[in-house]
2 protein chains.
Amino acid sequence: MSSSEQQTSAPVPSVWARPRRQKEQPALSQEQIVAAAVRLLDAEGIEALSMRRLGTEMGTAATSLYRHVANKDELIELVVDEVYGELELPETTGPDGWREALAHSGHSLRGMVLRHPWVASVLGQVGLAHLGPNLMRMSERMLGMALAAGFPKAEADLAMKAVMSYVLGASTSEASYLSLLARSGRSETEWLESLVPASQQALADHPLTQDHATAWQGKDPGLLREEIFDYGLQRILDGLATRLDRS
Amino acid sequence: MSSSEQQTSAPVPSVWARPRRQKEQPALSQEQIVAAAVRLLDAEGIEALSMRRLGTEMGTAATSLYRHVANKDELIELVVDEVYGELELPETTGPDGWREALAHSGHSLRGMVLRHPWVASVLGQVGLAHLGPNLMRMSERMLGMALAAGFPKAEADLAMKAVMSYVLGASTSEASYLSLLARSGRSETEWLESLVPASQQALADHPLTQDHATAWQGKDPGLLREEIFDYGLQRILDGLATRLDRS
DNA sequence: GCATCATGCGTACAGCGTGCGCAGCCAGGT
DNA sequence: ACCTGGCTGCGCACGCTGTACGCATGATGC
């Protein structure tokens, strides 16, 4: 009986109100969804990514996305592999450049994580186990570098994993620190200075821990972080080099 | 009119139905909440941790927890620092045992992460930046080891960070792999064998990547993972050792 | 011109974190 | 002995989440 009454926000059956897609874009596709998700994540971080929000961002309904993506977890896998695609991974050549090649790959991976700090919050769920094409490309290339360096087949895999583990560990720590920083709204130097009183207290109980705010004062924090990263990377490469010399 | 009608599950105003706490435990406290959260996380993983669920697990209402914990994020910080408390961190002694001490700490940290695989999903949000007492204790001890090894003050910090980054990167990768495995319900060997067809395909495009299922066949996967971890750890320690020799 | 199919979307459900205000208990002052 | 003020647990409510389902609409093949 009341079925034909006007319902809340019922589309008036007028020619003028015809749904008429207003997007010129070729509609929806998995690549576009992934791209939009990366854009949203870069701009507002992991907490801002919801299917509804991503929908409105693309001018569609949330549930429409599910035609091209099985669920949110799958979307995240896709998004992670997408950013792995940004890596600069030198083609392997001779047995000479392996050290520079691995170092360059490491810095490239770190750069990617710092450009997309949200990957840090997500790597723990996705891990290195999801086998996306770009991640496989990275493994392949780095394995090639290790082989070119002269490692026997079985050990090359171990060497590559060692480098990747270090780089990922260092980069995710750094990214989560930077995310925290971003949420605080302050600049990095301001932030460090605001920590001084707290660390004074902490240092009382922990005499060895150094007060970086004073120890490194005056240095550009960004450069400093890069030096810290490179120090560890070089130590691993040193370790691999001595291992090579021994055979 | 209908206001005095019996509502769903209204407490009958009878002496016998008096609320009367049935818990013998000294009620609610922050330590108990943290302990219960760790128990729940260990048993069912990160997805199972909700304030409501944790409430029912403790026999109280969800919102009661907020008297002792500011919000879920803070609870997670507390929980992470709690498990850092399990680490075995040798007291520093002389300049001889530094390598074993660092290696032991590394394996201890890895063991903790594998016992509590959910920390992997959470480290990206919390990072190393939350300054909990147990995390500070770890930094302090490991810095002590680096100083005992003979590193100058400024470099000891870099050395310690290098080791920790590697260990965390390797352990979180491993933990997220194991979580994935656990969700699949299969045993590790079954899982690896089920991957064989997929990796055959992948190997076609990536000739260098080795097929571990065949390459390491027959070995206990758990031991294998530990060897992989130790290989990288030893390479870092090698790198630090050569750095020490040079001065 | 008609049938088939892929696509977008409205509605709905169960679950989430958490702000708010009330109710009961315990300690301390009179 | 009584009152009082604060601490604690909790019911309710709000706005948000991921996503299953079924309908409508436009494109495509015969």
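Heavy-atom basis, side chains included; hydrogens, waters and symmetry copies ignored. Residue numbers begin at 1 in each chain, while the letters A, B, ... track the order of the sequences.
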Whole-Å distance separating the [atom1] atom of [X] from the [atom2] atom of [N]:
X	N	atom1	atom2	answer
A:Leu65	D:dG18	CG	P	10 Å
A:Lys72	C:dC16	NZ	C1'	12 Å
B:Leu28	C:dG24	CG	P	19 Å
B:Ile33	D:dC10	CD1	P	11 Å
B:Gln32	D:dG9	CD	C1'	14 Å

Near DNA chain D, which residues from residues 46-56 of chain A have a heavy atom under 4.0 Å away?
-> A:Leu49, A:Ser50, A:Met51, A:Arg52
Given [options], identify the nucleotide with an atom nearest to the side chain of [X].
X	options	value
B:Asn71	D:dG11, C:dT18, C:dG10	C:dT18
B:Ala62	C:dT11, D:dC10, C:dT18	C:dT18
B:Arg67	C:dG21, C:dG17, C:dG19	C:dG21

The salt bridge (Lys or Arg N to Asp or Glu O under 4.0 Å) partners of B:Glu31 (sequence neighbours excluded) come to none
Go through the steps to decide whether B:Glu44 and B:Arg53 satisfy the test salt bridge (Lys or Arg N to Asp or Glu O under 4.0 Å), and finish with yes or no.
-> CA-CA 11 Å; B:Glu44 308 196 29; B:Arg53 177 71 196 280; 2.7 Å; yes
Can you list every pair that meets salt bridge (Lys or Arg N to Asp or Glu O under 4.0 Å) and has a residue in residues 169-181 of chain B, with sequence neighbours left out?
-> B:Arg110-B:Glu174, B:Glu174-B:Arg225
Applying salt bridge (Lys or Arg N to Asp or Glu O under 4.0 Å), which residue pairs with at least one partner in residues 76-85 of chain B are found, sequence neighbours left out?
-> none
Those residues that, when tested against B:Ala170, pass side chain to side chain contact (heavy atoms under 4.5 Å, CB included) (two or more places apart) = A:Ser165, B:Tyr166, B:Phe229
Output yes when at least one side-chain N/O atom of A:His68 is less than 4.0 Å from OP1 or OP2 of C:dG8, else no.
-> yes
Under 4.0 Å: is that the gap between some side-chain N or O of B:Ser64 and OP1 or OP2 of D:dT8?
-> no
Which residues pass the side chain to side chain donor-acceptor pair (under 3.5 Å) test with B:Asn71, sequence neighbours left out?
-> none
Indicate whether the side chain of B:Glu140 and that of A:Thr209 have a donor and an acceptor atom separated by less than 3.5 Å.
-> yes
Name the residue closer to the 5' end of DNA chain D, choosing between A:Tyr66 and B:Thr60 according to the nucleotide with the nearest heavy atom.
-> B:Thr60
